[in-house]
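Source: prediction; values computed, not measured. Each ligand, and each atom within it, is numbered from 1 in the order the structure gives.
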Amino acid sequence: MTTEQMTKTQESLIASKPLKDQVAIVTGSGRGIGRAIAEALMAAGAKIVISDINEETCNQTATELRESGGDVMGVQCNVTVSDDVQKMVDAVTNNWGRIDILVNNAGITRDQLVMRMTEQDWQAVIDTNLTSAFKVTQPILKVMSKQRYGRIVNIASTTGVHGNFGQINYAAAKAGLIGLTKTVAIEYASRTITSNAVAPGFIDTAMTQAMKEEARNKILEKIPMQRMGTPADIANAVLFLSLPSSGYITGQVLEVNGGLYT
Ligand SMILES: NC(=O)c1ccc[n+]([C@@H]2O[C@H](COP(=O)([O-])OP(=O)(O)OC[C@H]3O[C@@H](n4cnc5c(N)ncnc54)[C@H](O)[C@@H]3O)[C@@H](O)[C@H]2O)c1
């Protein structure tokens, strides 16, 4: 199959709206990878909840997606605050009555060498990138359990699988997220709920644009595909794992990294 044929196959899959009547929540979807994931799920027919700690980008993205024809709710939500999460879950179930897809995408970095890492920066990253996924997944599993259907995709990182210089907090949080992913997969398989992780490599977003040019160039040299990934590269993987037809895939980590690790 040529790349063009593959793109056409994917386009016709999306055109068939395989996620019609499904409801998807994507945390941290005001911008970056989260927004691209929301757009991909929306293109496949899902109703979308744009959720972000940043009220401005949250509302703006929700408005833009609605204007492009989607069924979209914007809910400002700090995923580290349980009350915020419960309010979001209540708002979505009151409005749409179900939650089929959860993408735990919200995340931050506070990079530092092991010896210079402060307890504050350690804790901030653990809270936002790991504990939040527990806080969001637990109430949503209650909804999914009643439906006896769900797709959970957690956005981990190659750093969580392989470690990375200057990222002890981030690596520990993302490795923990992979453990969470696998445990949910085992406990909820009998309710037709799948739980998988997508581990992006080096993706061109505000998060990586904040890196020093020298560090970015060093990583680029190591990527066999000779380019950074795009948010759409990650969104495609999340869409695949969110499909009803991906129901026998659970507890897995899909690395999307241009061959950086093989
Ligand atoms: N960019 C990369 O190269 C890369 C690589 C591997 C993994 N990731 C992961 O992908 C995810 C998205 O990253 P991105 O590159 O799009 O980053 P980004 O900074 O562009 O977007 C992250 C979004 O999360 C939101 N957010 C932060 N804290 C939050 C909180 N407490 N509650 C709710 N929302 C919050 C931010 O406001 C922002 O909109 C993150 O989990 C990140 O760790 C990114």
Side-chain angles (χ1 to χ4, degrees), residues 25-40 49-62 64 74-89 102-111 121 123-137 153-164 166-167 169-178 180-181 197-211 215-216 219-220 222-223 225 227-235 237-238 253-258 260-261:
I25 296 180
V26 185
T27 68
S29 49
R31 71 177 196 188
I33 292 171
R35 177 178 172 142
I37 293 168
E39 287 172 346
V49 182
I50 297 293
S51 150
D52 205 289
I53 192 172
N54 183 321
E55 194 167 14
E56 198 184 325
T57 55
C58 182
N59 289 339
Q60 194 184 328
T61 297
E64 285 171 13
V75 185
Q76 194 261 345
C77 172
N78 179 349
V79 288
T80 67
V81 178
S82 299
D83 277 358
D84 262 26
V85 172
Q86 194 57 55
K87 276 185 199 149
M88 171 177 73
V89 173
L102 165 64
V103 184
N104 283 310
N105 164 81
I108 57 167
T109 50
R110 296 278 186 279
D111 296 353
D121 283 348
Q123 201 57 51
V125 169
I126 296 291
D127 288 348
T128 307
N129 296 10
L130 174 59
T131 310
S132 69
F134 166 67
K135 290 182 178 176
V136 177
T137 302
V153 184
N154 296 319
I155 306 304
S157 168
T158 47
T159 295
V161 182
H162 307 279
N164 195 22
Q167 292 201 301
N169 48 358
Y170 189 80
K174 294 296 189 181
L177 187 60
I178 290 171
L180 178 154
T181 303
V198 168
F202 190 52
I203 312 301
D204 194 12
T205 67
M207 190 178 267
T208 45
Q209 281 152 16
M211 290 169 68
R216 279 163 62 95
I219 296 175
L220 263 175
K222 292 186 191 153
I223 301 174
M225 286 287 177
R227 67 168 177 90
M228 290 172 74
T230 63
D233 288 324
I234 305 308
V238 174
V253 182
L254 177 54
E255 287 198 46
V256 181
N257 60 24
L260 178 59
Y261 300 101

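Distances between N or O atoms of Arg31 and those of ligand 1 include at least one value under 3.5 Å. Looking at Thr80 next to ligand 1, no N or O pair under 3.5 Å apart turns up. Not one N or O of Met207 is nearer than 3.5 Å to an N or O of ligand 1, by distance alone. Note: an N/O pair closer than 3.5 Å links Asp52 and ligand 1 by distance alone.
Here atom 4 (C) of ligand 1 lies nearest to Ile33 when heavy atoms of Ile33, Thr205, Asn164 are compared. Among Gly32, Gly107, Gly30, the residue whose heavy atom lies nearest to atom 22 (C) of ligand 1 is Gly107. The closest non-hydrogen atom to atom 5 (C) of ligand 1, taken over Ala133, Ser157, Gly201, comes from Gly201.
Leu220 and Met228 make their closest contact through CD2-N, 3.7 Å (heavy atoms, listed as atom of the first residue, atom of the second, distance).
In terms of protein heavy atoms, atom 3 (O) of ligand 1 is closest to Ile203 N, 2.8 Å. Ranking the protein heavy atoms by distance from atom 41 (O) of ligand 1 puts Asn105 O, 2.7 Å first. At the shortest separation from atom 24 (O) of ligand 1 among protein heavy atoms lies Gly28 CA, 3.5 Å. Of all protein heavy atoms, the one closest to atom 32 (N) of ligand 1 is Val79 N, 3.0 Å. The closest protein non-hydrogen atom to atom 10 (O) of ligand 1 is Ile155 CG2, 3.4 Å. The protein heavy atom nearest to atom 35 (C) of ligand 1 is Ile53 CG2, 3.5 Å. Counting only heavy atoms of the protein, atom 8 (N) of ligand 1 lies nearest to Tyr170 OH, 3.4 Å.
Distances shorter than 4.0 angstrom occur between a heavy atom of Lys174 and an atom of ligand 1. Judged by the shortest distance from any of its heavy atoms, Thr57 lies outside the 4.0 Å radius around the atoms of ligand 1. Residue Ala156 places a heavy atom under 4.0 Å from ligand 1.
Close approach of ligand 1 to Phe202 is summarised as follows: ligand atoms under 4.0 Å from at least one heavy atom of the residue are 3 (O). Listed by atom number, the atoms of ligand 1 under 4.0 Å from Asn78 heavy atoms are 30 (C), 31 (N), 32 (N). For ligand 1 and Ala106, the ligand atoms under 4.0 Å from any heavy atom of the residue are 24 (O), 33 (C), 34 (N), 35 (C), 41 (O). Below 4.0 Å from some heavy atom of Thr208 lie the following atoms of ligand 1, by number and element: 1 (N), 2 (C), 3 (O).
Inspection of the Asn104 and Thr137 side chains reveals an N or O donor paired with an N or O acceptor under 3.5 Å. Defined by atom type and a distance below 3.5 Å, a donor-acceptor pair is missing between the side-chain atoms of Asn257 and Thr158.
The side chain of Thr128, and not its backbone, has at least one atom closer than 4.0 Å to an atom of ligand 1 (non-hydrogen atoms only; side chain from C-beta on). Contacts between Cys77 and ligand 1 below 4.0 angstrom, taking non-hydrogen atoms only, involve the backbone exclusively.
We find the CD1-CG distance between Ile219 and Leu260 to be 8.0 Å, quoted to the nearest 0.5 Å.
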